[in-house]
Amino acid sequence: MSEDGRIKTVLWDIDGTLLVTGGAGAVAWQRAFEEKWGVEANIEEHTRAGMTDPEIAAIIFREVIGREGSPEERSAAIAAYLGHLEEAVNESSGYRIMPGIEQTLPRLAEQGLLQGIVTGNIEAAAHIKLARGDLNRYFRFGGYGSDAADRTVVTEKALERGERVLGAPLDRAEAIAVGDTPRDVEAGHGAGIRVVGVATGAYSVSEQREAGADWPIEDVTSGFPV
């Protein structure tokens with residue numbers, strides 16, 4: 001804990017934490033693999049919450065196409081996915097921002113807290129998803145799936161970029177992450193920060209507690225530590 005006990009930096013996960021796209025990501029992946037390789041890839045059958053985009057591309061090659069995709073092929077898959085994502089997000093009837101987010105983000109900004117993104121999405125995909133909800137304006141930096149497949153490394157990268165924004169070292173005791181999966185909890189702790197585990201995704205409050213979340217809560221409307 002910092003000397004004054006204050007939290008000064010908050011890193012937010014996107015999918016299931018800030019918002020849900022109503023399956024737009026899966027639609028974009030399906031369209032990408034059908035366009036490039038002529039296969040029907042049901043993403044939800046092969047992946048789970050908290051995976052990075054590079055992990056998803058690799059798994060679909062392995063489990064649907066039946067071979068390891070080359071780095072060039074995986075890069076092409078991600079490019080095709082991005083090509084379909086904005087349309088899929090904008091046409092999704094299930095897109096919604098999670099409870100309390102539209103009130104919490106501006107409140108923290110007004111209090112002068114530094115807010116960043118930590119997500120398995122590659123950077124371009126993250127901003128496409130945030131754009132429909134007009135949320136990009138709250139975030140000055142982030143760590144993304146395009147930085148690494150390992151979520152702990154992604155979190156560390158976000159913290160490093162936060163330091164560049166501040167122009168000074170960022171005290172890990174003054175930073176928290178907010179996520180909706182055990183992977184988010186593990187990554188935050190691996191990077192040396194505490195974690196709010198919200199039950200707005202696929203995992204309950206009790207599962208967030210079991211995963212080790214420092215603040216296992218239903219959503220940010222109650223029990224949020226800032």
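- Within the model, atoms CD of Glu174 and CD1 of Ile7 stand 9.5 Å from one another, a figure rounded to the nearest 0.5 Å.
- Screening Pro71, Ser70, Ser75 for a side-chain contact (heavy atoms from CB on, under 4.5 Å) involving Glu73 leaves a single residue, Ser70.
- Between Ile14 and the choices Val118, Val20, Ile117, Asp180, the side-chain contact (heavy atoms from CB on, under 4.5 Å) rule is met once, by Ile117.
- Checked against His84 for a side chain to side chain donor-acceptor pair (under 3.5 Å), the options Glu35, Glu34, Gln30, Arg31 give a single hit: Glu35.
- Contact between Leu170 and Glu163 at its shortest, heavy atoms only, is N-OE2, 3.0 Å.
- Atom CD of Glu68 and atom CZ of Arg74 lie 7.0 Å apart (nearest 0.5 Å).
- Judged purely by atom type and a 3.5 angstrom limit, Asn136 uses its side chain to pair as donor or acceptor with the backbone of His127.
- You'll find the ring centres of Phe224 and Trp12 inside the 6.0 Å limit.
- Between Glu186 and Arg183 no salt bridge is recorded (no basic side-chain N to carboxylate O distance below 4.0 Å).
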Problem set entry | side chain to side chain contact (heavy atoms under 4.5 Å, CB included) assessment of Val205 paired with Ile217 | CA-CA 6 Å; Val205 171; Ile217 59 177; 5.7 Å; no

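- Taking OG1 of Thr155 as the start and NE2 of His189 as the end, the distance is 11.0 Å to the nearest 0.5 Å.
- Considering Thr119, Thr21, Asn121, Thr181 as possible partners of Asp15, the one that fulfils the side chain to side chain donor-acceptor pair (under 3.5 Å) test is Asn121.
- In the hydrophobic cluster analysis, where Ile, Leu, Val, Met, Phe, Trp and Tyr join through side-chain heavy atoms closer than 4.5 angstrom, Tyr144 is grouped together with Leu135.
- When all heavy atoms of Arg172 and Leu159 are compared, the pair lying nearest together is NE-CD1, 3.4 Å.
- Atoms CD and CD1, on Glu123 and Ile128 in that order, are 11.0 Å from each other to the nearest 0.5 Å.
- The two atoms that bring Phe141 and Gln115 nearest to each other are CE2-O, 3.7 Å, heavy atoms only.
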Exercise. So Leu105 and Phe139, side chain to side chain contact (heavy atoms under 4.5 Å, CB included) or not? Walk me through it.
Worked result: CA-CA 9 Å; Leu105 296 182; Phe139 306 110; 3.9 Å; yes

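- Follow the hydrophobic side-chain contacts under 4.5 Å out from Leu82 and you reach Leu130 in the same cluster.
- Below 30°, between 30° and 60°, or above 60°: for Phe33 and Phe61 the angle between ring planes is above 60°, a perpendicular geometry.
- With hydrogens and angles disregarded, a donor-acceptor distance shorter than 3.5 Å links the side chain of Asp53 to the backbone of Ile122.
- No chain of hydrophobic side-chain contacts below 4.5 Å, direct or via other Ile, Leu, Val, Met, Phe, Trp or Tyr residues, connects Leu18 to Val154.
- In this structure, the side chain of Glu210 does not engage the main chain of Glu207 through any donor-acceptor pair within 3.5 Å.
- Looking at every heavy atom in both residues, Ala32 comes nearest to Tyr81 through CB-N, 3.5 Å.
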Problem set entry | Audit row: Asp219, Thr200, side chain to side chain donor-acceptor pair (under 3.5 Å) steps and yes/no | CA-CA 6 Å; Asp219 57 47; Thr200 49; over 6 Å; no

Exercise. Is there a side chain to side chain contact (heavy atoms under 4.5 Å, CB included) between Tyr138 and Leu108 once you walk through the steps?
Worked result: CA-CA 9 Å; Tyr138 296 109; Leu108 298 185; over 6 Å; no

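- The CD1 atom of Ile56 sits 9.0 Å away from the CD1 atom of Ile78 when rounded to the nearest 0.5 Å.
- Side chains of Thr52 and Glu55: a donor on one and an acceptor on the other come within 3.5 Å.
- Here Asp171 does not pair with Lys8 in a salt bridge; the nearest charged N to carboxylate O distance is not below 4.0 Å.
- Val226 places a side-chain heavy atom less than 4.5 Å from the side chain of Gln111.
- Applying the 6.0 Å contact sphere to CZ of Arg107 captures more than 12 heavy atoms from other residues, nucleotides or ligands.
- Annotation for Ala158 and Leu11: closest pair CB-CD1, 4.1 Å, computed over non-hydrogen atoms.
- Val89 approaches Lys129 most closely through the heavy-atom pair CG2-CG, 4.3 Å.
- Put simply, the side chain of Arg62 reaches to within 4.5 Å of the side chain of Ile59, judged on heavy atoms.
- A continuous path of hydrophobic side-chain contacts links Val64 to Met51 [ILVMFWY only; heavy atoms under 4.5 Å].
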For this session: Report the C-alpha distance between Ile176 and Val195 in whole Å, list the side-chain angles of each, state the deciding distance to 0.1 Å, and finish with yes or no for side chain to side chain contact (heavy atoms under 4.5 Å, CB included).
Result: CA-CA 5 Å; Ile176 63 171; Val195 181; over 6 Å; no

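- With rounding to the nearest 0.5 Å, the separation of CG in Asp147 from CD in Glu156 is 11.5 Å.
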